[in-house]
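Worksheet for the structure shown next.
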Number of protein chains: 2
Amino acid sequence: MDFDAKFGNCPIYYTISKIEGKWKWVILYKLYKCKVMRYNRLWDDLQPIAHRTLSKQLKELEADGLVHREQYNEVPPKVEYSLTKDGETLTPILDMMSQWGERHINPRPEVSND
Amino acid sequence: MDFDAKFGNCPIYYTISKIEGKWKWVILYKLYKCKVMRYNRLWDDLQPIAHRTLSKQLKELEADGLVHREQYNEVPPKVEYSLTKDGETLTPILDMMSQWGERHINPRPEVSND
DNA sequence: TCCTATACTTACAAAAAGTTTAGTATATAA
DNA sequence: TTATATACTAAACTTTTTGTAAGTATAGGA
């Protein structure tokens, strides 16, 4: 990415390149709200996401230290995902994004005094 | 996008699909900090962005009501970009993203008492 | 007359992201 | 023996996004 050379002065670019892809923010948000989630639960909640997409993004988030993956050696398999400490530092942003979305999906009608 | 059908309950997904693309957040941030910017100034600051990319993203941001475009009918042309009122509602998120990036680009070393 | 400046647009090419379908592993239950 | 459950992975393909290179318009200056 050669980040420092070109964007050393642009921290926001760093943030969004770390959490790129429309699913990552949603994944982080789900994990923030639910604390711990198994793979299929996450997958259900994010329909219509593809397995490949979900597992890739989870892997990247894990590699970036934002998500923790806990694997239990059972059959059938069991894997739990949760936010790391570092991932939790994003929760204020997640909250604000969610609130912004809420206000813009259902714009509050202007108050009129008929 | 058929947003409502699938994501009516996920406001954060709405937010990030509205501001998708790694450049949009940076563009918004630049406009927030500089108030008003002409096209080439923005382009310089965002190197290595391509004209096509920048002008497309600006157009989308304008269509989404987040950026205002003021065109002066002069030769050579002059166009100024700035945030709309609605775009300004994003500034708290922009600030937090930027701060998060700052902390993670240059992680503050642990304080030790040698 | 040709060059410069500004803010783009267009056509094409390349790269990245996402989708679809099928398959893996293995203990337990029917 | 076959099906079930879970958490994926692999290959082939399509779509979306981004980049490259060139071109447009027009007034004023060299």
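Chain letters run A, B, ... following the sequence lines, proteins first, then strands; residues in each count from 1. Because only heavy atoms are used, hydrogens play no part in the values below, and waters and symmetry mates are left out as well, while side chains stay in.
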Q: For R41(B), report the nucleic acid contact type (base, sugar-phosphate, nothing); a contact means any heavy atom under 4.0 Å.
A: nothing
Q: Quick one: label E60(B) by what it contacts on the DNA or RNA (base, sugar-phosphate, nothing), any heavy atom closer than 4.0 Å.
A: nothing
Q: To the nearest Å, give me how far apart CD (E20(A)) and P (dA15(C)) are.
A: 17 Å
Q: Please work out if Y81(B) contacts a base, only the sugar-phosphate, or nothing of the nucleic acid, heavy-atom cut-off 4.0 Å.
A: sugar-phosphate
Q: Might you work through the salt bridge (Lys or Arg N to Asp or Glu O under 4.0 Å) test for E80(A) and R69(A), ending with a clear yes or no?
A: CA-CA 6 Å; E80(A) 287 178 345; R69(A) 180 178 188 275; over 6 Å; no
Q.
Rounding to an integer number of Å, can you tell me how far E62(B) CD sits from dC8(C) C1'?
A. 13 Å
**Q.** Selected nucleotide, minimal atom distance to P77(A) side chain, candidates dA7(D), dC8(D), dA27(C)
**A.** dA7(D)
Q: With the side chain of Q57(A) defined as its heavy atoms from C-beta on, choose the nearest nucleotide among dA27(C), dG18(C), dT20(D).
A: dG18(C)
Q: Report the distance from atom CD1 of I49(B) to atom C1' of dT18(D), rounded to the nearest whole Å.
A: 10 Å
Q) How close or far is atom C1' of dT19(C) from atom CD of Q47(A), stated in whole angstroms? A) 12 Å
Q.
Nearest to the side chain of R38(B), heavy atoms from C-beta on, is which of dG19(D), dT6(C), dC8(D)?
A. dT6(C)
Q.
Which heavy atom of V36(A) sits nearest to which heavy atom of S82(A), and what is that distance?
A. CG2-CB, 4.2 Å
Q: Check the distance between dT18(D)'s P and K24(B)'s NZ and give it to me in whole angstrom.
A: 8 Å
Q: Under 4.0 Å between any heavy atoms, over every strand shown, what does R52(A) touch: base, sugar-phosphate, or nothing? Just pick one.
A: base
Q) So, is S55(A) close to the dT9(D) phosphate, meaning a side-chain N or O under 4.0 Å from OP1 or OP2? A) yes
Q. Looking at the side chain of T53(B), which of dT9(D), dA7(D), dT18(D) is the nearest nucleotide?
A. dT18(D)
Q) Parallel, tilted or perpendicular: which describes the rings of H51(A) and Y39(A), with under 30° parallel and over 60° perpendicular? A) parallel
Q.
Could you tell me how far apart W43(A) (CH2) and dT9(D) (P) are, to the nearest whole angstrom?
A. 15 Å
Q | Between C1' of dA7(D) and CG of N73(A), the distance in whole Å | A | 12 Å
**Q.** Listed nucleotide nearest any side-chain atom of K59(A), set dT9(D), dA7(C), dT20(C)
**A.** dT9(D)
Q: In whole angstrom, give the distance that lies between atom NE2 of H51(A) and atom P of dT9(D).
A: 11 Å
Q: Could you work out which one of dA7(C), dC8(D), dG19(D) sits closest to the side chain of Y39(B)?
A: dA7(C)
Q. Which heavy atom of T89(A) sits nearest a heavy atom of H104(B), and at what distance?
A. OG1-CE1, 4.0 Å
**Q.** Given dG18(C), dA7(C), dC8(D), the nucleotide with the shortest approach to the side chain of N40(B)
**A.** dA7(C)
Q: Under 4.0 Å between any heavy atoms, over every strand shown, what does K56(A) touch: base, sugar-phosphate, or nothing? Just pick one.
A: nothing
Q: Give a yes-or-no answer on whether the side chains of Y29(A) and D95(A) include a donor-acceptor pair shorter than 3.5 Å.
A: no
Q. E80(A) near the nucleic acid: base, sugar-phosphate alone, or nothing, with a heavy-atom cut-off under 4.0 Å?
A. nothing
Q. Got a salt bridge between E70(A) and K78(A), using NZ or NE/NH1/NH2 to carboxylate O under 4.0 Å?
A. no
